[in-house]
Amino acid sequence: MFDNLISLDDARRLAEKLRQGYARRLLGAFSRTDARTAAAWRHTGHPPKHWGSIPAVRRRWNRLVTGDADLEPADYVAQTYLAGRAPLAGLAVGCGTGANERRWAATGAFARIDAYDLSAPRIAAARRAAAEAGLGAVLHFEAADVRSLALPRHGYDVLLAENALHHFTPLEPVLDRLAAALRPGGLVVVRDFVGPARFQWTDRQLEAVAGLLRVLPAAYRQRWRSGTVKTRHFRPGRLAMRLSDPSEAAESDRIRPLLRARFRPVEERPFGGTVLHLLFDDIAHHFLDDTAETRRWLDLCFAAEDALLASGELPSDFVFAVYRKPAGG
């Protein structure tokens, strides 16, 4: 209703949050935009309820991105583009708890990676994890807003933006600021959601997800925490999206064209998610094991998304890409 300002599923989610004791967060929904974004990302743990928690999904990502289910994107980029170069200076934005940055540091390609995130609790967790991994000399984490941060001009060889750009708005000035901090000829590595802004899923996406949910056994469809059985995935209301986290997918559909306007594409590798991202939301914890039955259902879901993407019925909502800054930039 009203261009999906409010969806029917918003009421269900609100009731569930209230049952879980989220009243204080609800009262904070009308605070200023930056405060709401920071509050949305105070958590440092990740319950296994999203598609990225599923080991088979992560192996699928690797295969679609690097061609090898056992080869991580960071290692692929280090081997393909960074081998033989002097220790590099990297800039990472929206780093969260630093899991991606630890993988990049472990490649040995970087002398230093400066990593920034708006959430102070997440930065504190990132620093602890880096120290425990013996990577504190390479990784330097700071809680800061990249939109106003003073970055050195031409100070970095590589820009790392994993699952980050879809949280930046306004996006154009952020990309201009990041481009200025990158040396001419420098690389930009992006892995991100580039689907519909504010998660306004298409009807065809939702139909595909509903079809698979009708096939999956009920035991695989019980939601995390609540235990209710998932039968549909809903398009979230725009108002709820803005109140809960104003940064979420704010300009996700503009990421690729804005990057191409500033950098030269070296490679762009879509890795799906148009169906699987929605399908496994809140039920991913049922697919963590490697039993024959779980593997059979996962293979069915993977094949369904592959068919829809190959036919052109649906585009890929996620992409891994490498870009290069023009030499004269």
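Only heavy atoms go into these numbers, but all of them, side chains included; no hydrogens, no water, no symmetry mates.
In this structure, Arg183 pairs ionically with Asp157, as a charged nitrogen and a carboxylate oxygen lie closer than 4.0 Å. A salt bridge does not link Arg103 to Asp75: none of the charged nitrogens lies less than 4.0 Å from a carboxylate oxygen.
The closest side-chain heavy-atom distance from Asp306 to Arg60 is below 4.5 Å.
Close placement of the Phe318 and Trp51 rings is indicated, their centers lying within 6.0 Å of each other. Residues His50 and Phe280 place their aromatic rings such that the two centres sit no closer than 6.0 Å.
Around atom CZ of Arg232, no more than 12 heavy atoms belonging to other residues, nucleotides or ligands sit under 6.0 Å away.
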- Let me see the working for Arg262 and Asp176 under salt bridge (Lys or Arg N to Asp or Glu O under 4.0 Å), right down to the final yes or no. CA-CA 8 Å; Arg262 289 159 176 78; Asp176 288 340; 2.7 Å; yes

- List the steps and the verdict of salt bridge (Lys or Arg N to Asp or Glu O under 4.0 Å) for Arg198 and Glu248. CA-CA 6 Å; Arg198 301 291 183 192; Glu248 186 64 83; over 6 Å; no

- Task: Please lay out, stage by stage, how Phe287 and Tyr220 fare under the test ring pair (Phe, Tyr, Trp, His ring centres under 6.0 Å).
- Result: CA-CA 8 Å; Phe287 298 88; Tyr220 282 90; 5.1 Å; yes

- Kindly determine whether Tyr116 and Phe141 satisfy ring pair (Phe, Tyr, Trp, His ring centres under 6.0 Å), including the steps that lead there. CA-CA 6 Å; Tyr116 300 95; Phe141 293 100; 9.4 Å; no

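In plain terms, the two heavy atoms of Leu314 and Leu309 that are nearest each other are O-CD2, 3.3 Å.
Looking only at atom types and distance, the side chain of Thr169 has a donor-acceptor partner in the side chain of Glu251 under 3.5 Å away.
To the nearest 0.5 Å, atom CZ of residue Arg59 and atom CG of residue Asp290 are 8.5 Å apart.
Between the His285 side chain and the Lys49 main chain, no donor and acceptor come within less than 3.5 Å of each other.
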